[in-house]
Amino acid sequence: TNSSIRFHNYCLNNLIGVWQLHSENCTRTICAGNNVVDYHGSDFFEEEWFDIVFCLRADIEVLNARYTDRGYSEIKIKNNIESEIFQVLLEEARDSYDPDIV
C-alpha cells in the first residue's frame, strides 16, 4: 500500500542519515586509535583504520544449533551455513585489506 511504501521510505531515509552520522563518529573514534571493531562485514571500513584484521570462524554444527535455537528460518540457516563453508566474510576481508594484515 502507499502508506506502507511511505513508511519504508521514511525508515530507509532515516537509516541512511543515522548511518552517515554514525560513520562520521566512527571515523573520529577509530582514528584516535586503540580500538577493537566487531562487525559482520568489512568491505565498507577504511583500510587505514586497522593494523590487523581477524576473521573469526565457527564449526558449522555449532552454528546450525545456534541458529536453530534462535528460531532462524531454514533459508536463513542455509544461507549463513553456506557463507561459513565458502568463507564469504574471510574472502571479503582479504579483498578489502592488505593480505598481510588479514
Side-chain angles (χ1 to χ4, degrees):
T1 67
N2 285 342
S3 62
S4 178
I5 292 170
R6 281 194 301 272
F7 174 76
H8 290 296
N9 285 341
Y10 171 80
C11 289
L12 179 60
N13 288 335
N14 282 329
L15 180 61
I16 291 169
V18 167
W19 170 248
Q20 288 170 340
L21 177 61
H22 181 70
S23 178
E24 291 168 12
N25 289 337
C26 284
T27 301
R28 283 193 296 274
T29 302
I30 290 173
C31 287
N34 298 318
N35 297 286
V36 173
V37 177
D38 176 16
Y39 199 75
H40 299 268
S42 59
D43 60 336
F44 54 86
F45 291 119
E46 302 293 329
E47 183 173 357
E48 60 268 8
W49 286 4
F50 304 105
D51 295 318
I52 192 163
V53 174
F54 294 96
C55 185
L56 303 180
R57 310 226 20 246
D59 182 271
I60 58 172
E61 295 302 322
V62 172
L63 288 177
N64 190 47
R66 184 180 304 157
Y67 298 149
T68 301
D69 290 346
R70 291 179 181 174
Y72 286 12
S73 69
E74 287 297 317
I75 191 69
K76 185 168 184 173
I77 293 172
K78 179 181 179 283
N79 288 340
N80 282 316
I81 295 295
E82 286 178 355
S83 180
E84 182 65 20
I85 290 169
F86 293 112
Q87 302 180 354
V88 171
L89 294 178
L90 177 59
E91 290 304 316
E92 179 183 287
R94 288 178 174 156
D95 290 344
S96 299
Y97 306 111
D98 183 329
D100 290 338
I101 70 167
V102 177

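Ile52 forms part of a hydrophobic cluster together with Phe54, judged by ILVMFWY side-chain heavy-atom separations under 4.5 Å.
For residues 58-80, the set of pairs meeting the ring-ring contact (aromatic ring centres under 6.0 Å, His included) definition, not counting sequence neighbours, comprises Tyr67-Tyr72. Sequence neighbours left out, the pairs with a member in residues 74-99 that pass ring-ring contact (aromatic ring centres under 6.0 Å, His included) are Phe50-Tyr97.
Partners of Ser96 under the side-chain contact (heavy atoms from CB on, under 4.5 Å) rule, at least two apart in sequence or in another chain, are Ser42, Asp43, Glu92. Take Leu56 and apply the side-chain contact (heavy atoms from CB on, under 4.5 Å) test, not counting sequence neighbours, and it matches no residue. Legend: residues meeting side-chain contact (heavy atoms from CB on, under 4.5 Å) with Gln87, ordered by chain and number and at least two apart, are Arg57, Leu90, Glu91, Arg94. Among residues two or more places apart in sequence or in another chain, the salt bridge (charged side-chain N to carboxylate O under 4.0 Å, His left out) test is passed with Lys78 by Glu82. Every residue was checked against the salt bridge (charged side-chain N to carboxylate O under 4.0 Å, His left out) condition with Glu47, not counting sequence neighbours, and none meets it. Every residue two or more places apart in sequence or in another chain that forms a side-chain contact (heavy atoms from CB on, under 4.5 Å) with Arg66 is listed here: Val62, Leu63, Arg70. Residues passing the salt bridge (charged side-chain N to carboxylate O under 4.0 Å, His left out) test with Glu46: none are found, sequence neighbours excluded.
Residues Cys55 and Leu89 come closest through the heavy atom pair SG-C, 4.0 Å.
Remark: Asp59 CG is packed, more than 12 non-hydrogen atoms of other residues, nucleotides or ligands lying under 6.0 Å away.
Between the side chain of Asn64 and the backbone N or O of Ile60 there is no donor-acceptor pair closer than 3.5 Å.
Taken from CD in Glu84 to CG in Asn79, the straight-line distance is 13.5 Å, to the nearest 0.5 Å.
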